[in-house]
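These figures come from a predicted structure and were not determined experimentally. A, B, ... follow the sequence lines: proteins, then strands. Residue 1 opens every chain.
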Protein chains: 2
Amino acid sequence: MNPPNLDKTDIGILRLLQQDALLSNKQLALELNKSTATIHERVRRLKSEGYIKRSVAIVDGKKIGKSLIAYSQVQLKEHTDSALSSFEKEVVKFPEVMECYHMTGAFDFILRIVISDMDAYHNFLRSKLAQLSNIGTVQSFFVMSEIKTETAYPL
Amino acid sequence: MNPPNLDKTDIGILRLLQQDALLSNKQLALELNKSTATIHERVRRLKSEGYIKRSVAIVDGKKIGKSLIAYSQVQLKEHTDSALSSFEKEVVKFPEVMECYHMTGAFDFILRIVISDMDAYHNFLRSKLAQLSNIGTVQSFFVMSEIKTETAYPL
DNA sequence: GGTGAAAGCGATGCATA
DNA sequence: TATGCATCGCTTTCACC
């Protein structure tokens with residue numbers, strides 16, 4: 001399943017738009033040796049079929065005062081379906097939680113939390129996260145340095 | 001530092017472009033009650049000053065055969081500056097490692113690894129990650145379900 | 001710094017192969 | 001399905017406020 005139903009041109013489009021979503025069809029056409037009309041149709045198809053989910057601007061978190069990134073591992077007390085659903089439903093409401101995954105292994109969920117500083121994190125933990133029902137343990141780890149942050153899949 | 005040196009129009013632009021990088025200046029202008037020329041100048045400034053780092057297409061990993069996401073916690077044996085730098089220099093070369101952070105706490109690095117399946121992960125671990133010098137322990141956790149994956153900072 | 005208008009350029013739809 | 005062409009609309013610049 002690699003490539004699935006994508007030809008070389010489709011792969012090329014995905015590779016290039018993952019690096020820069022603002023590339024014009026003209027630039028893509030030049031790079032991939034196709035006409036702009038062909039590229040236009042391919043891009044339309046890649047979007048309508050869901051290969052490209054969306055295009056977003058990546059903002060510098062530090063420049064807008066989000067200087068602290070935490071990864072918090074959450075273990076729940078109960079693991080019934082309704083307990084899991086209830087946690088998921090509540091945690092996604094917190095704007096500080098930018099990512100949340102249900103995991104295998106020693107804990108249940110991992111959260112990526114983005115916030116201004118440690119005081120704010122402390123406050124978030126005490127007044128928001130720990131207030132949810134069914135929270136067992138929360139273990140927090142903080143990013144000291146970002147070594148690699150890639151949004152583009154290798155193709 | 002919230003807002004730093006950004007006015008309401010700048011914040012609005014960041015908020016909207018974080019949701020959809022392909023919005024036209026005309027659409028932004030309509031939404032924010034400014035002229036297209038003003039929006040054009042503001043967007044140019046936000047990019048040149050680094051508030052907007054880049055614009056990217058978000059591709060559906062599962063549709064291109066990247067069905068397994070792992071978070072792997074790596075502990076090194078030695079923690080000299082050169083040992084840390086050496087690990088960082090090597091690990092970023094792996095295309096499977098889309099994110100890598102140097103962390104506080106019980107382990108040194110957390111890696112987000114995106115790959116086709118568990119067989120491929122096993123192979124990656126044995127033939128690539130564990131081959132790096134100075135690796136102490138690697139603990140792997142796998143994503144069962146994505147609850148929230150947000151790229152936009154709350155503004 | 002913001003605006004409106006003019007000019008240039010790319011996006012978009014279509015007829016054709 | 002891919003292409004060239006023609007039209008339309010947005011981007012970009014500039015003189016002015």
Fill in: Ala29(A): side-chain contact (heavy atoms from CB on, under 4.5 Å) partners, not counting sequence neighbours
Thr36(A), Ile39(A)
Discussion item. Under 4.0 Å, counting only non-hydrogen atoms across every strand here, what does Arg42(A) touch: a base, just sugar-phosphate, or nothing?
Written reply: sugar-phosphate
Response to the item:
To the nearest angstrom, the CD1-C1' distance between Ile39(B) and dG1(C) comes to 13 Å
Worksheet, complete the sentence: Residues passing the salt bridge (Lys or Arg N to Asp or Glu O under 4.0 Å) test with Glu41(B), sequence neighbours excluded, are Arg44(B)
Worksheet item: Can you list the residues that meet the salt bridge (Lys or Arg N to Asp or Glu O under 4.0 Å) rule with Arg54(A), with sequence neighbours excluded?
Response: none
Worksheet entry | Rounded distance (Å) that lies between atom P of dA2(D) and atom CG of Leu32(A) | 12 Å
Worksheet item: Considering residues at least two apart in sequence or located in another chain, which fulfil the side-chain contact (heavy atoms from CB on, under 4.5 Å) criterion with Thr38(B)?
Response: Lys34(B), Ser35(B), Arg42(B)
Practice prompt. Would you mind reading off the distance between Leu28(B) atom CG and dC10(D) atom C1', rounded to a whole angstrom?
Written response: 12 Å
Item to complete: Before accepting this row, confirm whether a basic side-chain N of the pair Glu96(B)/Lys128(B) lies closer than 4.0 Å to the acidic partner's carboxylate O.
Response: yes
Discussion item. Base contacts versus sugar-phosphate-only contacts with protein, heavy atoms under 4.0 Å: please encode nucleotides 11-17 of chain D as B, S and - from 5' to 3'.
Written reply: SBB----
Worksheet, complete the sentence: Lys53(B) meets the side-chain contact (heavy atoms from CB on, under 4.5 Å) criterion, sequence neighbours left out, with Ile58(A), Asp60(A)
Fill in: Out of dG1(C), dT3(D), dT1(D), whichever nucleotide has its closest atom nearest the side chain of Thr38(A)
dT3(D)
Worksheet, complete the sentence: Here the distance between atom C1' of dG1(C) and atom CG of Asn5(B), to the nearest Å, is 15 Å
Fill in: Between dG4(D) (C1') and Lys34(A) (NZ): distance, integer Å
15 Å
